[in-house]
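All remarks here apply to the structure that follows.
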There are 2 protein chains.
Amino acid sequence: MSDAADPAPMNARRKFRREGEERRRQDLIDATLDSVAEHGLQGATVRTIALRAGVTAGLIRHYFPGKEDLLHEAYAALMGRMTEQAKAALLMEDASPRQRLAAFVTANLNAPIIDQRVFSLWATFIGRAGADPTLARAHREGYLGFRNEVEAVVAEVLTAERRKPDAAELRRHAIAINAIIDGLWIEGCLAGEMFSPGELATIGIKAIEAELGLAPEKQFQEK
Amino acid sequence: MSDAADPAPMNARRKFRREGEERRRQDLIDATLDSVAEHGLQGATVRTIALRAGVTAGLIRHYFPGKEDLLHEAYAALMGRMTEQAKAALLMEDASPRQRLAAFVTANLNAPIIDQRVFSLWATFIGRAGADPTLARAHREGYLGFRNEVEAVVAEVLTAERRKPDAAELRRHAIAINAIIDGLWIEGCLAGEMFSPGELATIGIKAIEAELGLAPEKQFQEK
DNA sequence: GGCGTTGTTGTGCAAGTGTATAAATAGCCC
DNA sequence: GGGCTATTTATACACTTGCACAACAACGCC
């Protein structure tokens with residue numbers, strides 16, 4: 001075990017495979033999110049990202065004009081996945097508005113939306129929104145989209161209860177409910193082990209029903 | 001206006017004053033927070049911070065073992081100020097528990113606690129809590145302290161209403177109310193101009209009274 | 001006033017940063 | 001199989017980063 005016939009020359013160039021453009025971009029974006037989640041924006045260097053994606057640093061510039069653009073696309077991808085997952089819970093067919101609202105809250109207050117990694121990413125990026133108009137706009141759109149979803153379900157729920165809320169009242173409810181979900185989401189992400197499974201969802205549903213003045217129903221009170 | 005007697009030699013050393021240790025440390029911490037708020041953790045370099053503090057970079061190492069330590073102390077200072085301001089609103093003498101709770105919420109949902117700069121700082125640091133145990137611990141302590149304050153006031157309010165909540169119920173109320181305040185705080189910081197002055201506080205108080213099952217009182221319903 | 005202490009500056013350095021660019025090679029078409 | 005082309009690697013470069021260290025000067029003390 002010493003000299004022998006080493007078939008690879010010492011300065012061998014790295015072997016590589018050509019992946020499709022879409023695949024490479026996705027890999028690089030995922031590697032970026034991983035790097036940011038693990039080491040923050042300062043630790044997300046082109047070399048770290050490339051290493052994670054299994055390529056060399058130079059390739060990044062082949063798919064993105066600059067590091068900034070990669071970061072922005074990564075944030076957009078993150079927001080897209082989050083809102084997509086959140087809204088998916090509203091798509092239940094043949095369910096009462098109230099059940100759909102409860103399902104929406106439950107979905108938002110459990111894995112995979114309650115997740116420390118996602119929270120770290122969200123916080124890291126949103127912390128730059130004050131100085132980066134691009135991030136600020138992306139957030140604003142995501143937030144309003146989310147709140148509008150909430151407002152729509154709330155309108156359905158109240159209508160089903162034969163109440164006729166005006167626009168201002170509806171808006172206030174949506175803001176409050178959105179705050180409840182956001183606040184509990186943060187608590188869950190930052191200190192998940194302090195809550196028993198499903199506890200946050202239960203607390204959230206109760207708080208929201210109180211906010212809307214809904215009388216508790218048997219079917220929503222398990223034990 | 002050309003040669004003349006220039007009293008200062010070209011390579012003049014910078015004039016400086018010796019400040020007290022406490023003063024310098026404070027200045028450096030403040031400069032750090034400013035830098036982080038403006039350019040994020042990546043933009044908060046020793047040179048940027050020193051420039052802002054009106055000193056040169058080398059001085060930082062005279063007061064802090066390393067940049068990391070300065071950042072940690074800055075975060076601790078930030079958290080200290082935030083919780084201090086928040087709790088101050090609870091110190092009202094001769095006020096009913098319910099009034100004190102309302103004052104607490106109002107204080108937390110207006111300037112200076114609703115502030116984009118503070119939010120940016122909070123988000124930037126908290127985004128690292130998942131990977132940095134020191135930050136995680138600092139947050140945990142601040143959060144629990146805040147929630148305990150909430151729980152104490154809630155207990156007073158319910159007692160004044162002649163209700164006897166058990167510990168579990170109290171805990172759930174505190175979690176929910178904390179979430180409402182946090183969620184509205186975020187909304188206000190990120191999109192303050194979308195809300196009229198005092199609107200968030202009004203929404204928060206109403207939501208919390210609903211959560212606690214308090215009948216609205218005249219004195220809290222202006223117009 | 002002179003003197004010593006030490007807070008403060010300035011310079012240097014090795015490691016790491018994003019980006020530019022040339023060289024190489026993987027995979028497709030014929 | 002032999003080119004062609006675009007993906008990918010590798011190297012280079014100017015610049016920034018945190019930190020070490022020596023020189024300096026502000027201020028208290030006598």
Side-chain angles (χ1 to χ4, degrees), chain A residues 7-32 35-36 38-75 124 128 132 134, chain B residues 7-32 35-36 38-75 124 128 132 134:
Chain A
M10 274 203 36
N11 281 358
R13 214 163 221 261
R14 197 178 168 190
K15 297 296 182 195
F16 62 91
R17 277 185 39 206
R18 301 173 106 138
E19 302 283 355
E21 161 160 4
E22 214 42 51
R23 169 68 185 275
R24 272 278 188 259
R25 292 177 65 89
Q26 262 317 313
D27 285 350
L28 285 172
I29 286 176
D30 287 339
T32 303
S35 299
V36 173
E38 205 163 316
H39 307 108
L41 279 176
Q42 41 182 350
T45 70
V46 287
R47 286 168 179 84
T48 303
I49 294 170
L51 184 68
R52 253 203 155 82
V55 297
T56 52
L59 193 59
I60 287 181
R61 288 270 311 173
H62 190 262
Y63 287 105
F64 299 91
K67 188 195 168 191
E68 200 93 348
D69 304 81
L70 173 56
L71 283 172
H72 281 150
E73 289 208 28
Y75 179 62
T124 302
R128 302 301 319 127
D132 188 330
T134 305
Chain B
M10 273 201 41
N11 280 359
R13 217 162 218 260
R14 197 176 170 198
K15 297 297 182 194
F16 62 91
R17 278 185 39 206
R18 300 173 110 141
E19 301 283 355
E21 161 160 2
E22 214 41 52
R23 169 69 186 276
R24 273 278 189 259
R25 292 177 65 89
Q26 263 315 313
D27 284 350
L28 285 172
I29 286 176
D30 287 339
T32 302
S35 299
V36 172
E38 203 163 319
H39 306 107
L41 280 176
Q42 40 182 351
T45 70
V46 287
R47 286 169 178 83
T48 303
I49 294 170
L51 184 67
R52 253 205 155 80
V55 298
T56 52
L59 192 60
I60 289 182
R61 287 270 311 172
H62 190 259
Y63 287 105
F64 301 90
K67 187 195 168 191
E68 200 93 348
D69 305 81
L70 173 56
L71 283 171
H72 282 149
E73 289 209 29
Y75 179 61
T124 301
R128 303 301 319 127
D132 188 330
T134 305

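Every chain is numbered from 1 and lettered A, B, ... according to where its sequence line falls, protein lines coming before strand lines.
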Can you work out whether G20(A) or G66(B) has the more 5'-proximal nearest nucleotide on DNA chain D?
G20(A)
Ranking dG7(C), dA10(D), dG27(C) by distance to the side chain of Y63(B), first place goes to dG7(C)
Kindly indicate, with the supporting measurements, whether the criterion side chain to side chain contact (heavy atoms under 4.5 Å, CB included) is fulfilled by V55(B) and R24(B).
CA-CA 9 Å; V55(B) 298; R24(B) 273 278 189 259; 3.7 Å; yes
Among dT9(D), dG18(C), dT9(C), the nucleotide that comes nearest once only the side chain of F16(B) is considered:
dT9(C)
H39(A) NE2 to dT17(C) P, in whole Å, measures 11 Å
Nearest whole angstrom, please: distance from the C1' of dT7(D) to the CZ of R23(A).
15 Å
Residue pair R52(B) / S35(B): nearest heavy atoms and the distance that separates them
CD-OG, 3.8 Å
Measure from the side-chain heavy atoms of R24(B) and tell me the nearest of dT8(D), dT8(C), dT19(C).
dT8(C)
When you get a sec, tell me which of dG18(D), dT8(D), dG18(C) is the closest nucleotide to the side chain of K67(A)?
dG18(C)
Spacing of H62(A) atom NE2 relative to dA23(C) atom P, expressed in whole Å
17 Å
NA contact type, F64(A), heavy-atom cut-off 4.0 Å: base, sugar-phosphate, or nothing?
nothing
Smallest heavy-atom separation, A44(B) atom then I49(B) atom, equals O-CD1, 3.9 Å
Would you mind telling me which of dA25(D), dC19(D), dT8(D) lies closest to the side-chain atoms of R47(B)?
dC19(D)
Without decimals, in angstroms, what is the distance between I60(A) CD1 and dT9(D) P?
11 Å
Out of dT8(C), dT9(C), dG18(D), whichever nucleotide has its closest atom nearest the side chain of E19(B)
dT8(C)
To the nearest Å, give me how far apart CD (E68(A)) and C1' (dT17(C)) are.
14 Å
Specify the separation, in whole Å, of atom CD1 of I49(B) and atom P of dT17(D).
11 Å
Decide yes or no for L28(A) and E73(A): does some side-chain heavy atom of the first lie under 4.5 Å from some side-chain heavy atom of the second?
no
Output the rounded distance in Å from CG (D27(B)) to C1' (dT8(C)).
14 Å
For dC24(D), does OP1 or OP2 lie under 4.0 Å from any side-chain N or O of R13(B)?
no
Tell me: CG of L59(A) to C1' of dA23(C), nearest whole Å?
15 Å
T45(B) side-chain N/O to dT17(D) phosphate OP1/OP2 under 4.0 Å:
yes
Any heavy-atom pair between the side chains of L41(B) and L41(A) that's under 4.5 Å?
no
